There are 2 protein chains.
Amino acid sequence: MGLTIKEVSEKYGIPSETLRYYERVGVIPPVTRTAGGIRDYGEEDIAWVENAKCMRAAGLPIEALIEYLKLYREGDSTFQARFALLSEQRELLLAQKKQLEETLDRLNYKISRYALAMETGKLTWE
Amino acid sequence: MGLTIKEVSEKYGIPSETLRYYERVGVIPPVTRTAGGIRDYGEEDIAWVENAKCMRAAGLPIEALIEYLKLYREGDSTFQARFALLSEQRELLLAQKKQLEETLDRLNYKISRYALAMETGKLTWE
DNA sequence: CCTTGACTTTGAGTTAACTCAAAGATATAT
DNA sequence: ATATATCTTTGAGTTAACTCAAAGTCAAGG
């Protein structure tokens, strides 16, 4: 009654191969199966997929996701380790964001100069 | 009177191999040389290195930098093309920034839940 | 029943951006 | 003069994260 792999693939724009790959290497837990052994993505499964998609889109390495899932499956004794893992990744993202902003500033400056240059026909300094 | 490749490498934390690679593929223009043919990075050369470092740190593809330099060396007739190129890259960075913020939100939420869980000993919902 | 899609395993291929190595020739600093 | 750094070219190796293909089996919908 859940979604097939194809449906999940289309809904989230993730190739079926990648979904299987994520499951195989442990980015997401084993997906619920039908009696016949076919993947039948339930709400939980989909939440994991969604999460993986979000984290990957921001550039978290697959290794971090794999490690997180591993800890998750080990139970409550890994709260601290999971907390540390997520905190570390947050630091990395914050650094990345800062870098992005720096680069955007530089890009904006250049772009504004080109806008001007295109009016006057020449770059006014540099 | 400028800097040697080693000095630039150390100053910017970019391996010498990468500096030569950037020059070879056209991420930066040919570097000034001594009479003996050894690279002698002047202010301009260094400005290009700095720029490449910044852009790469934000994830701009090398291809974009190569294309930019190619246009740059073609002269004033490419203002518009350069403007377009930079604008496109800016759009990509803005999208990336948005994604980063989304992911940070999700990460912060999770982290706060773990902080709570570590006090109380269990995850309070999910 | 038949077609279409899903399943598995295995292994190779791809892309970006380096990164390293080898070889032999010069150059520079002490 | 000598030790250390640079130079060139060429080509192979690396890493991450997929991506594709082959081969053969199985399941589900009409």
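This structure is a prediction, so every number in the text was calculated from the model and none was measured.
Side-chain atoms of Ser87(B) and Glu91(B) include no donor-acceptor pair closer than 3.5 Å. No side-chain N or O of Asp40(B) forms a donor-acceptor pair with one of Thr34(B) less than 3.5 Å apart.
The phosphate of dT8(C) has OP1 or OP2 within less than 4.0 Å of a side-chain N or O from Arg33(A).
Between Leu104(B) and Leu94(A), the closest side-chain pair of non-hydrogen atoms falls below 4.5 Å. Residues Ile46(B) and Tyr12(B) meet the side-chain proximity criterion, which asks for heavy atoms closer than 4.5 Å. Between Asn51(A) and Arg106(B) the shortest side-chain heavy-atom distance falls below 4.5 Å. No side-chain heavy atom of Arg82(B) sits under 4.5 Å from any side-chain heavy atom of Leu85(B).
Relative orientation of the Tyr68(B) and Trp48(B) rings is tilted, given thresholds of 30° and 60° on the angle between their planes.
The closest donor-acceptor contact from the side chain of Ser9(B) to the backbone of Ile5(B) lies at 3.5 Å or more, if one exists at all.
End-to-end axis angle of the helix from dC1(C)-dG30(D) to dT30(C)-dA1(D), from C1' rotation axes over five pairs per end: 30° (rounded to 10 degrees).
Contacts between residues 36-62 of chain B and DNA chain D, counted as heavy-atom distances below 4.0 Å, involve Gly37(B), Ile38(B), Arg39(B).
Distance NZ (Lys6(A)) to P (dT3(C)): 18 Å, rounded to an integer number of Å.
Bounding nucleotides for the chain A contact on DNA chain D, 5' to 3', at a heavy-atom distance below 4.0 Å, are dA17(D) to dA28(D).
Using a cut-off of 4.0 Å between Lys/Arg side-chain N and Asp/Glu carboxylate O, Lys70(A) and Glu74(A) are scored as salt-bridged.
Using a 4.0 Å heavy-atom criterion, one finds that Thr34(B) contacts the sugar-phosphate atoms exclusively.
One finds the OH atom of Tyr22(B) at 6.0 Å from the CD1 atom of Ile14(B) (value rounded to the nearest 0.5 Å).
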